[in-house]
Student: 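Can you keep this structure in mind? I'll have questions shortly.
Positions are given from 1, in the same order as the sequence printed here.
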Amino acid sequence: MSDELSEVGHKKAKSSSPGPCDALSSLYTPDEASGAAEGGDIGQQLLNRGVVESEQLDAAQRVLKQTPGRHLSEILIEMGVDEAAVQEVVASESRLPFARAEIDDSDSFDAKLLNRLGPEYCKENLVLPLRKEGSRLLIGTASPDDVFLLDDVKRRLGVTSVKHILVTAGDIRGIVEAMTEDDADEYNIDEILSDVDEDDVEVVQEKEDDADAQEAASSPVIRFVNHIIQTAMKEGASDIHIEPEEKALRVRFRIDGVLFDVMNPPKRMHAAITSRIKIMANLDIAERRLPQDGRIRATVIGRKIDLRVSTVPTPKGEKTVLRILDTRSINVGLDELGFAPDTLTIWKNQVALPHGIVLVTGPTGSGKTTTLYSSIQQMNIRKLNISTVEDPVEYNLDGITQIQAHEKIGMTFATALRALLRQDPDVIMIGEIRDLETATIAIQAALTGHLVLSTLHTNDAPSSITRLINIGTEPFLIGAAVNSVLAQRLVRRICKHCKTELTVTPEIEEFLTMHGIPASQVMKGKGCPRCRETGYSGRVGLYELLLLDDHLRDAIARNPNVTEFRRMCIERGMVTLREDGFQKVAAGSTTVEEVLRVTEATI
């Protein structure tokens, strides 16, 4: 009987027409399995291409289960997986074309249509007009599901047909930010200076409310200080120097390590400008006899930056220096710093060691902090307890414990290190080894199973060892604890927009031949508006990596002098700063003059 009923039911089901709900369910049935399968396909493709590791994929899928409504691709990108590689797989799964858009390539996006949409709109919605193909407009977005966004863009731009292209969110943000910088409001300096007087800045403590902010923005001095900072950001400056002369005031920017005169405002503005900067940095505007240090947190052209302020009294008035701390400058991969391939491989292995001391040495402004931060960012931050002791903490890093040293209250590097050793650390970064106490604790940490990264101020790598001995550290402890020393300098790159072959004199040709460089490979920059007619744009690192083997460790235990030890290091295969510099001259990255300028003290 039950068999007959089931057969009748089966026939009835086959003969009955589907209802509206059944018809819709045949088109799409939302369930957890379909979402999981989609994520699994993307994850498997990324795994097959070597973009992610199985541990990363498993972790991302666990996060996906805990956060419904999100995509696996979003989580992987947040975990640090290459966004372009992820988006390319997402585009393939969604049957959409994938493209890269770069600010240097004007053909990869339509600047006029971007301005019509508005930079804020594009940045908020992660949309970018790319180009026209006939009557059809190519629109790039960061998500394959942006159907309603495409309709809105069509309406705003008045186009009838669009083609959806998948791009990376990073490309969209980078282009919009660069466009915003180029189109930022300019101040007319002559107009500002014409009605400037010291009385325009009232010496009061600013409050955080809109009324005070509007009042401050109307002052010519405040507008001029804003203009100085904004111009420095556009020019890519690292420091702003405001220097009083006897009858003049000079504003200079440090760009690519070299100071340039930029502005010469009237001397009568000096007190007003200094007071304004002190107010912004919460310094004592009445104190002009003692040095002061402070910090300004600001948003300039849509970018959040920190300005480190220092004032010192001089007979001609207070000199003010602002160091620009921009997070962009440390978000650079090790591959982009200028390491030779062999040196880069060895350095990556050194910072992946489980214990020991790894030192980076060089003068102020040689890029030591950038190298250390880039090295830390390539570590597995999720699985390691990484802590730093710095003075000051210049950049805030996610997922890392950063401690500010305060000498005046007794919070020295040594004190902070002792505390950190009770915090179960894996990697410790010390801003600088300055004294015997700090060096002793660092060596103890290295010998007890911790990786210690730190800096020293010495001219080359071998002299770092003798410096540690000179401050009182036992030579046999240095040999046991130190794994490697990296000395570095920064030289200016030849501008790629005006690079040309250099015709050398016979004397220079003979000099180049001594270093194994054909004269035909030597390049220079002619000078163009993009490089301020200097022939240089950007900087690249020169590196001298010293690896301590058993032979050198034995030599350190005998307390050698620096000249003898340096000769031994070169015999053991160490490439000097100057040799690395001439390799970059041969590669067309920099000039002989630049290499000689920064390596003079290492001969």
Side-chain angles (χ1 to χ4, degrees), residues 23-24 26-30 34-35 37-46 48-49 51 69-78 81-184 301-302 497 530:
L24 288 175
S26 65
L27 293 174
Y28 174 67
T29 304
S34 63
E38 182 183 359
D41 292 340
I42 293 174
Q44 191 59 46
Q45 283 202 40
L46 291 170
N48 295 340
R49 297 188 185 192
V51 178
R70 300 193 65 194
H71 295 287
L72 180 67
S73 56
E74 297 175 17
I75 297 169
L76 287 170
I77 292 170
E78 288 178 3
V81 178
D82 182 29
E83 184 182 9
V86 173
Q87 287 290 77
E88 191 172 0
V89 171
V90 172
S92 174
E93 283 291 305
S94 306
R95 297 182 181 179
L96 290 174
F98 173 74
R100 296 301 303 269
E102 299 178 359
I103 186 63
D104 294 333
D105 184 4
S106 57
D107 295 331
S108 65
F109 68 99
D110 194 318
K112 291 183 179 179
L113 291 180
L114 188 153
N115 285 323
R116 279 183 59 188
L117 280 176
E120 288 300 323
Y121 177 86
C122 293
K123 189 174 182 179
E124 182 180 348
N125 295 282
L126 294 178
V127 61
L128 186 69
L130 301 178
R131 61 186 177 276
K132 284 190 174 181
E133 286 186 354
S135 60
R136 186 167 58 171
L137 176 64
L138 273 59
I139 298 291
T141 75
S143 170
D145 306 326
D146 288 328
V147 179
F148 296 111
L149 177 60
L150 293 176
D151 290 339
D152 190 40
V153 171
K154 284 169 60 177
R155 181 182 57 80
R156 287 171 178 265
L157 296 179
V159 295
T160 55
S161 178
V162 298
K163 181 179 179 180
H164 191 185
I165 308 287
L166 206 64
V167 298
T168 67
D171 285 352
I172 297 175
R173 293 191 185 99
I175 287 173
V176 172
E177 287 176 7
M179 293 282 291
T180 307
E181 290 177 16
D182 293 339
D183 298 335
I301 323 176
H497 300 288
R530 297 196 184 191

Student: Identify the heavy atoms of I165 and A99 that sit nearest to each other, and give their distance.
Tutor: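 Shortest heavy-atom separation between I165 and A99 comes out as CG2-CB, 3.8 Å.
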Student: Flag the pair D171 and R100 as a salt bridge only when some basic side-chain nitrogen lies within less than 4.0 angstrom of an acidic carboxylate oxygen.
Tutor: yes
Student: With side-chain contact (heavy atoms from CB on, under 4.5 Å) as the test, pick out the partner of H164 among L138, I139, T141.
Tutor: T141
Student: Counting N and O atoms only, with roles assigned by atom type, does the side chain of S73 sit under 3.5 Å from a partner on the main chain of V86, one being a donor and the other an acceptor?
Tutor: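 No; zero donor-acceptor contacts below 3.5 Å.
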Student: Nearest 0.5 Å please: distance from the CG atom of L72 over to the CZ atom of R70.
Tutor: 10.0 Å
Student: Rounded to the nearest 0.5 Å, what's the gap from OG1 on T160 to NZ on K154? Could you check?
Tutor: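 If I round to the nearest 0.5 Å, the distance is 7.5 Å.
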Student: Using 4.0 Å as the upper bound for N to carboxylate O, is an ion pair formed by R156 and D152?
Tutor: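 The answer is yes: the pair qualifies as a salt bridge.
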Student: Any non-hydrogen side-chain atom of L113 less than 4.5 Å from a side-chain atom of L137?
Tutor: yes
Student: Side chains of R131 and D110, heavy atoms from C-beta outward: is any pair under 4.5 Å?
Tutor: no
Student: Would you mind reporting whether V153 and Y121 have side-chain heavy atoms less than 4.5 Å apart?
Tutor: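 Of all side-chain heavy-atom pairs linking V153 with Y121, at least one is under 4.5 Å.
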Student: For the residue pair L166 and A142, what are the closest heavy atoms and their distance?
Tutor: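 In this case the closest contact between L166 and A142 is CD1-C, 3.9 Å.
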Student: Would I42 and H71 count as a side chain to side chain contact (heavy atoms under 4.5 Å, CB included) if you check the C-alpha gap in whole Å, the side-chain angles of each, and the deciding distance to 0.1 Å?
Tutor: CA-CA 10 Å; I42 293 174; H71 295 287; over 6 Å; no
Student: Just verifying a value: how many Å separate K132 NZ and S161 OG, rounded to the nearest 0.5 Å?
Tutor: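 K132 atom NZ to S161 atom OG measures 11.0 Å (nearest 0.5 Å).
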Student: Which heavy-atom pair separates A101 from L130 by the least distance, and what is that distance?
Tutor: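 So the two residues come closest at CB-CD2, 4.5 Å.
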Student: Please tell me if the side chains of L117 and P129 come closer than 4.5 Å, counting only heavy atoms from C-beta onward.
Tutor: yes
Student: With heavy-atom distances below 4.5 Å as the criterion, would you say the side chains of P144 and E93 are in contact?
Tutor: no
Student: Got a second to check how far L76's CG is from E74's CD, nearest 0.5 Å?
Tutor: 10.5 Å
Student: Is the backbone of F98 close enough, under 3.5 Å, to the side chain of Q87 for a donor and an acceptor to pair up by distance?
Tutor: no
Student: Could you tell me if the side chain of L46 sits less than 4.5 Å from the side chain of V81, heavy atoms only?
Tutor: no
Student: Minimum heavy-atom separation for K163 to P97, with atom names?
Tutor: CE-CG, 3.8 Å
Student: Please check if atom CD in E78 has more than 12 non-hydrogen atoms from other residues, nucleotides or ligands closer than 6.0 Å.
Tutor: yes
Student: Can you find a pair of side-chain heavy atoms, one from L126 and one from R173, that are under 4.5 Å apart?
Tutor: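 L126 vs R173: side chains touch.
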Student: Can you check whether L128 reaches I175 side chain to side chain, under 4.5 Å on heavy atoms?
Tutor: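 In short, these two side chains touch, coming nearer than 4.5 Å.
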